[in-house]
Enquirer: 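A single structure is presented below for examination.
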Amino acid sequence: MAWTSSPIPLLYLIWIGFLFSSGDVAASGRCIEKERKALLSIRTGISDAHEWLSSWKGKDCCSWAGVECNAATGHVIKLDLHNPGGPSSNKSKVNPSLLELKHLSYLDLRWNYFDGAPVPGFIGSLTELESLNLSSAGFGGTIPHQLGNLSNLLSLELSENTISGGIPESLGSLSELVSLGLALNSINGEIPATLGDLRSLQIMDLSSNNISGEMPGTIGKLRNLELLDLSSNKIQGVIPESIGNLSKLWALRLPNNKIGGAMPASLGNLSALQTLDLSNNQISEQIPDSLGNLFRLESLSMNGNNIGGAIPSSMGNLCNLSSLDAYGNRIRGQLSGFIEGMSRCRTSGIRYLDLQNNEISGPIPNEIGKLQSLTRLSLGSNSLSGPIPASLGNLFALSDLNLSSNSLVGALSEANFANLTYLDSLDLSHNSLTVNDTQDWLPPFQATQIRMRSCNLGPKFPPWLQNQTKLSVLDLSSNGISDTFPDWFWNLCLSDLNLNVSYNYMKGGLSSSIECFWTVIVDLSHNNLEGFIPRMDPMLTFLDLSDNLFSGPIPPAMAAGTDYLAFMLLSNNRLNGTIPSSFCEANHLEVLNLANNGFSGALPDCWNDSLALKIIDVSGNKVSGGIPKTLGLLPQLKSLHLNDNGLSGRIPSSLQHCKDLVTINLGQNRLSGAIPRWIGEKLSSLKVLRLRSNMFTGAIPPQLSLVASLQVLDLARNNLSGALPPAFGNFSSMISIQNETKPVLGEEGTYYTENIVVDAKGLKLYFTTVLSLVTSVDLSGNNLSGEIPEELTKLHGLHFLNLSDNRFSGDMPQNIGAIGQLESLDLSKNKLSGRIPSSISALNFLSHLNLSYNNFSGRIPSGSQLRTFTDPSIYAGNPQLCGPPLSDKCPDDAPSEIPTEASQEEDVDEDENGIIWVFIGFAPAFVLGFWGFIGTVMIDRRRRIRYIQFLDMICNWFTHR
Ligand SMILES: *[C@@H]1O[C@H](CO)[C@@H](O)[C@H](O)[C@H]1NC(C)=O
Ligand SMILES: *[C@@H]1O[C@H](CO)[C@@H](O)[C@H](O)[C@H]1NC(C)=O
Ligand SMILES: *[C@@H]1O[C@H](CO)[C@@H](O)[C@H](O)[C@H]1NC(C)=O
Ligand SMILES: *[C@@H]1O[C@H](CO)[C@@H](O)[C@H](O)[C@H]1NC(C)=O
């Protein structure tokens, strides 16, 4: 075997070839001297020619390799200079002496490298040329229009160069041309209508260029065309009706363009068609019935369009079809007509049927069991209903079965899989199936991928997996399994495994021998697993054990030993000990989430600039000591959550180098010192700054307002003093109204949802998905003094403002009503005075207001939204205030009704509305649909936060659809 693959025999064959083709014809001595000299000049331009043109010696040029002369006249008629070594990168040149070979009918320069030089226009003078092959030869420039003079040309091959510019109209004069190959260049412009004049053309390949415009209607004149390939261009418009005239066409390839409109019914006239590829365009409307006339059709691809309607029953006649790919359209209706038709074919050879991501409804027809050649059946993400027909078990050739995300019901029985010996990939996720839990059944197949997410497999861990020793993907998430991992599972020692058993009730520990698994992805989150975290395979890239009962320390070797680890998610467990400094060596780690465990001691201070960490969440632990200075060396850090710990000391100035920081949450620690100015000057991407409940002192730096992206500023419960800087009216992201739910983080946020708790409305509102909509300023519980700057009213997009429990004095900003999005306003416990400005009643979204314990005076404004605030306590401690809802009458008042018990009840309503206003303020269109649901649920104080989470969850669901 070895010798056949060495190059020597190949060259030998080629040499033999030349022996027959040239030696035979040209008698020695006939070579024309002028042409011999021309050949030698041509040779000087060809790189490496001395090696493979070594035979070019002596007088008899007709016997030289690659040269063929006319036996009668001695003129060189064929010149084959294709580089026998394959594509080369040594630069060559086309010598103009080529023009001396006036009788050339065959020229092949393939696989030389002409270094971006244009195809010489003078080739157009070689009018006897029949075959010109310049493919894969490094030509650039544009196609010379002179080629249109080659009236004898049968084959023009220019593919795989870097030719740009348009296709010259003159090519339409090549009336003998049989084959035109311009693929894999950078040709642009439209297809000239003149190409319709190529009456002899059989093959036209313009694929992989930048050709734009519509397909010219004249294409229908190419009556001899057998292959038309326009794939991967920028062709738009509709497919011309005239295409139906191409009665000899057997392959039509138009994928990866921008073709729109409906498929013309005339496609059904292409009676010779075997391959039709329309994938990845913008084709709409329904499949024309006439497609059922394409009796020879073997392969039909129309995936990635907007095709609607049902699959016409007529397509059931396509008995030669072996592949149908209609993935990702809007095909509706039922499958029965088509499948029943196919099942009647004497020999139905369909092997590949992909209708995934459509809107097909109805049952899977029982007749599917007759399509016994099927190797791939992909019907996922449709609206199929009813049971999985037992006949499916007959499809003994099936290797890939995907019925996920439908509304299939009933029990999966052994019969469903009885004969599926070759099944390799099985996806039944997201259906309402049940599995008949017979202990002794083992499937006949050895699959590499089993996805049965949300399939109701519990409560036992599926025993039938025992013999699956080849698995590399196993997804059993959300199945209600409440079992321990069986011993046999760990003994499978699967390799390259991507394991997802998340969202079950798995209990017990992980085997210490999990190391024998070669895992790449392990997601066991949201279970009741306990015990120590075992050491895992060093190839691991994704580990999610969050929301379990794991305890003990992180094995120190694990962080360092996992060279590929990118995501480590261990939040919400009972882990303790110190955070191992070996994380500083995990070069690929991007997300480290250790939130809500019992970690103590100091944070590692060995971080360096070669690390890829983007998200660090250590919130809710017991770590102490200072914030490590070396965190500032992490060049990609975007999100830092160290809140709810026992950290002390100052914010290290090194953090100013983390310019990509989006979130800083250091709340609930014992941090001190001043709030650094550089936060405003350097961290221009910051959206969330939460320093709440620490011991920060000094004034608020006005520079904070330079952060144009800041949306959540929480400095509450510190010892800050001085005035509120008027520059705070300049927060751009609070001036504009945020109305787009978009992820706060980039791709890394796929495995970590950015989250923040905002204290507002007397509640703790937990925001995740809708965080991008939240705007909040909370400076409560400090020693801030002076007036509240009027400039604050420029923040038209602000939702929550809390300045309570400070020493602010003077009037409330007169134009407070300009903060039009305000839902919660708390100015209580200050020394504010004067009248409450009447503009406050313009705050239509306001649902929480607290002005108590100030020195406001005069009549409480009424009207609009303000009328709904009937709880007098929100005005308490302002002895000079009067009017409803207070019982103190204003001096000029006539006696009015005192609020009664009834208004107490209304108060509850108002609070409920408060929550609902949160929804409305954030996502009006979406909420209207849910209003009915939310409106009917009793909300008590403990439940409110859940409703925000509920909203969050719904939005999450919305954005992931
Ligand atoms: C499996 O194949 C055998 C032989 O082809 C056939 O007799 C049997 O009915 C098939 N079983 C099912 C469940 O389709
Ligand atoms: C489950 O399997 C048993 C034994 O094979 C059978 O008797 C029973 O009918 C099956 N149940 C369902 C729901 O298919
Ligand atoms: C399944 O595995 C067991 C051992 O776990 C073995 O005895 C049995 O032969 C296997 N069966 C099949 C069908 O592979
Ligand atoms: C960690 O927790 C375990 C109990 O789960 C306890 O025995 C151990 O002392 C703790 N270790 C540390 C360092 O707190």
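Indexing begins at 1, ligand by ligand and atom by atom, following the structure's order.
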Enquirer: For atom 1 (C) of ligand 4, what's the nearest protein heavy-atom neighbour? Residue, atom name and distance, please.
Expert: Asn576 ND2, 1.3 Å
Enquirer: Considering only non-hydrogen protein atoms, determine which one is nearest to atom 5 (O) of ligand 4 and report residue, atom name and distance to 0.1 Å.
Expert: Ser551 CB, 4.1 Å
Enquirer: Using a cut-off of 6.0 Å, state whether more than 12 heavy atoms not belonging to Lys622 lie near its atom NZ.
Expert: no
Enquirer: Does either side chain, that of Thr753 or that of Asn755, offer a donor lying less than 3.5 Å from an acceptor on the other one?
Expert: no
Enquirer: Between the side chains of Asp644 and Ser619, does any donor sit under 3.5 Å from an acceptor?
Expert: no
Enquirer: Is it the case that the side chains of Tyr503 and His526 hold a donor-acceptor pair, with the cut-off being a distance below 3.5 Å and no angle test?
Expert: yes
Enquirer: Within the structure, does at least one protein heavy atom fall under 4.0 Å of atom 7 (O) of ligand 4?
Expert: no
